[in-house]
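Quick note: numbers below take in every heavy atom, side chains included, and nothing from hydrogens, waters or symmetry partners. Numbered from 1 within each chain, the chains take letters A, B, ... in sequence-line order.
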2 protein chains.
Amino acid sequence: MERTPRQRRNPRREAPPTAAIGLRPGRASKPDQAPIRARGLDRAVEIFQLLHALRKPIAIGEIARRLKAPRSTIYEIVNLFLAADILEYAGDGSEVFFGRAIYLYANDYNATHAIVRLGHEEVRRLATLTGETVQLCMPVGNKYAVVAMQNSARLFRIGSDVGVLVPIPWTASGRFFVAHMSLAELRAFIPPEDFRLQDGRSLDPRKFLAEARAAREAGVCTIAGLIDDYATCIAAPVVDHKGHCLACICFIVSSATGRKRLAELSSLLTASARHLSAVSEED
Amino acid sequence: MERTPRQRRNPRREAPPTAAIGLRPGRASKPDQAPIRARGLDRAVEIFQLLHALRKPIAIGEIARRLKAPRSTIYEIVNLFLAADILEYAGDGSEVFFGRAIYLYANDYNATHAIVRLGHEEVRRLATLTGETVQLCMPVGNKYAVVAMQNSARLFRIGSDVGVLVPIPWTASGRFFVAHMSLAELRAFIPPEDFRLQDGRSLDPRKFLAEARAAREAGVCTIAGLIDDYATCIAAPVVDHKGHCLACICFIVSSATGRKRLAELSSLLTASARHLSAVSEED
DNA sequence: GTTGTCTGTCCGATATATTGGACAATTGAT
DNA sequence: ATCAATTGTCCAATATATCGGACAGACAAC
């Protein structure tokens, strides 16, 4: 009577009310002026995001400075997390960073999400098979992140590293993450500044959405010169049973790659994506 | 002037004031009687620990029930974490679990900790080389966790899975984590119930500490019949420059294994541990 | 139909967590 | 030696986050 497993009570609910993954969500619309109190939990999330953005240990006092938070508060929170091994002392004596508990939690995450586990394998397989650079990407908040990557020997240097958050419009993969949205939803979801590409060009949301829908129809998306002028990105979506995009697997190849080769890679990719979609079902 | 990297300000500070990784740290010494208010942050940590203990998605209401916390509070906290992708909806509609952000944070953790990255490799290498089961373990709070494991084909079933927290006295590896402590520190550090082994026997803290110190001297520790009657555990410590034990790498072999073979494995293990100790220096 | 149990949201009241400041101890630079 | 900038801890005051309870809607069982 207690452990009765229920089924989806609240059918329409995909995204939580507030979407915030970027730094400093802030409660007031004005750039924090009034010395309002912030809640410890909000501060905690900000600390995580700051550490992730830095990707290296940082002094506790420095956290307070960057977050514009009282030192005493940050010490309080950090000490709590240190006690739980969610944060750890790292680097030279007085710096902190993510701790072991986070590692274990991520392990649990992987265990329940077949995509991540199997996606890694597929990335490796495709990379050794083709010699190209392969990535597995997943949406995170209103950005997306490279979750696994295998670099090809031949290609120079890839813009994004594993784990960093990238604006959705910047890549072919991003198309699939938003293909189900209306224009209004899209505008609300993606921060305006993310439509400004790395080379300075601005992307029209309307055009972006059209591309996204076309990509969704085609099942693959090939875009040249998005990451940089000499790279072409080919992406295919991993979808759940409702057709919603959970992840993308993609090649990053030289823009000089011939049509025939591109078609070859495309079909490899869609096969992989279909495979992952199938096995990801038993979540 | 701003980014001046400082060196260890507070030389003697290894463990945070309060050590708590077990469930329900609780603030009052009495088993929570008075309906005192709990802080959101404490609740947050409890939620993480609960999810980790369950290792599968759970309904939000159920979290509140198990934590004996008000539903409204848990909803508030969980929704905040959902917005930050630290938690995610998973399983059937109304359940939550660790989210993508945790995965990314763990990635950052790995990047800064050479031990974890290289430890995985060593585990794989030793496993394929010897055909035995190999584990990498690290302390987490007052327990320890298997961080990486490669199962041998031959051995039946290993008691501990990757990620689960195990009492320190239960394994050979545990010896190294406490070898530097005094008896009083040891008693304060390890929960009394952890000295009761799986088979019901109780381990004397004094004897345990003596074993630990002997193990530290020897550089390896071989103990039979601890996990179960038919398994022997051989462990070697990965230490930092101060000689403090950061992790253990260990074999789990059949108790029928001959002396010569055990010696062979021991020397392999110590070599691996030394190697990891060396490369882990540039933290 | 009714009943019981669940989810997700909202709302005052009050217990308290956050805050800003002050503190001693440490470090590096001058 | 003196200075300026750190770290880590402690404290009392007050802005507010937590709590408990109530709510509507969904689902299953009967």
Side-chain angles (χ1 to χ4, degrees), chain A residues 1-18 27-28 32 34-47 57-83 87 89 91-96, chain B residues 1-18 27-28 32 34-47 57-83 87 89 91-96:
Chain A
M1 190 210 277
E2 196 199 31
R3 274 281 59 220
T4 326
R6 297 310 188 93
Q7 308 268 355
R8 46 186 59 262
R9 293 318 185 85
N10 196 350
R12 200 213 17 65
R13 189 255 306 102
E14 285 295 313
T18 59
R27 266 223 289 309
D32 45 7
I36 48 167
R37 270 192 193 196
R39 170 162 78 156
L41 281 168
D42 290 322
R43 289 264 138 87
V45 171
E46 288 180 51
I47 290 172
I58 180 178
I60 303 178
E62 180 66 12
I63 297 177
R65 209 168 308 132
R66 300 218 188 186
L67 257 33
K68 295 198 181 70
R71 255 160 25 89
S72 48
T73 304
I74 300 300
Y75 268 97
E76 171 80 17
I77 298 172
V78 167
N79 279 331
L80 178 69
F81 282 146
L82 284 172
L87 298 181
Y89 286 109
D92 44 21
S94 61
E95 296 185 326
V96 296
Chain B
M1 191 210 279
E2 196 198 33
R3 274 284 58 220
T4 326
R6 296 309 184 95
Q7 309 264 359
R8 46 187 60 259
R9 292 320 184 85
N10 196 350
R12 202 212 14 67
R13 191 252 308 98
E14 284 297 310
T18 59
R27 263 221 293 305
D32 45 6
I36 48 165
R37 272 191 191 195
R39 180 161 70 155
L41 280 168
D42 290 322
R43 288 266 139 85
V45 172
E46 287 180 50
I47 292 173
I58 180 178
I60 302 178
E62 180 67 13
I63 297 177
R65 209 168 309 131
R66 300 217 188 187
L67 258 35
K68 295 197 181 71
R71 253 157 31 85
S72 48
T73 304
I74 299 300
Y75 268 98
E76 170 80 18
I77 297 172
V78 167
N79 279 330
L80 177 69
F81 282 146
L82 284 171
L87 298 181
Y89 285 110
D92 43 20
S94 60
E95 296 185 326
V96 296

Between protein and nucleic acid, restricted to nucleotides 10-14 of chain C and to nitrogen or oxygen atoms under 3.5 Å apart, what atom pairs and distances do you find?
unit_1	atom_1	unit_2	atom_2	d
C/dT14	O2	B/Arg37	NH2	2.8

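- Across all their heavy atoms, B/Gly40 and B/Ile77 have their closest contact at O-CD1, 3.7 Å.
- For D/dT18, neither phosphate oxygen OP1 nor OP2 lies less than 4.0 angstrom from any side-chain nitrogen or oxygen of B/Thr73.
- In this structure, the side-chain contact (heavy atoms from CB on, under 4.5 Å) partners of A/Pro70, at least two apart in sequence or on a different chain, are A/Arg43, A/Ser72, A/Thr73.
- Here the shortest heavy-atom pairing between B/Ile74 and B/Ile63 reads CG2-CG2, 3.9 Å.
- Between A/Arg39 and C/dT16 there is no side-chain N or O to OP1 or OP2 distance below 4.0 Å.
- Closest to the B/Asn79 side chain, of the nucleotides D/dT6, C/dG20, C/dT9, is C/dT9.
- Considering only the side chain of B/Glu76, D/dT18 comes nearest among C/dT18, D/dT18, C/dT7.
- In plain terms, the two heavy atoms of A/Glu95 and A/Ala59 that are nearest each other are CG-N, 3.7 Å.
- Across the protein-nucleic acid pair, B/Glu46 atom CD and D/dT18 atom C1' stand 14 Å apart, rounded to whole Å.
- Rounding to the nearest 0.5 angstrom, the gap separating the CD1 atom in A/Ile47 from the CD1 atom in A/Ile58 is 10.0 Å.
- Rounded to an integer number of Å, the gap from B/Arg65 CZ to C/dT7 C1' is 11 Å.
- Helical stems of DNA chain C (runs of at least 3 Watson-Crick or G-U pairs, donor-acceptor distances under 3.5 Å) are listed by first residue: C:1-7 with D:24-30, C:9-22 with D:9-22, C:24-30 with D:1-7.
- When all heavy atoms of A/Gly61 and A/Tyr75 are compared, the closest pair comes out as N-OH, 4.5 Å.
- In this structure, A/Tyr75 places its OH atom 16 Å from P of C/dG20, rounding to the nearest Å.
- The CG-C1' distance, from B/Leu80 to C/dG8, rounds to 16 Å in whole Å.
- Here the closest heavy-atom approach between residue B/Leu41 and residue A/Leu80 is recorded as CB-CD2, 3.5 Å.
- In this structure, B/Arg71 does not reach the D/dG21 phosphate: none of its side-chain N or O atoms is under 4.0 Å from OP1 or OP2.
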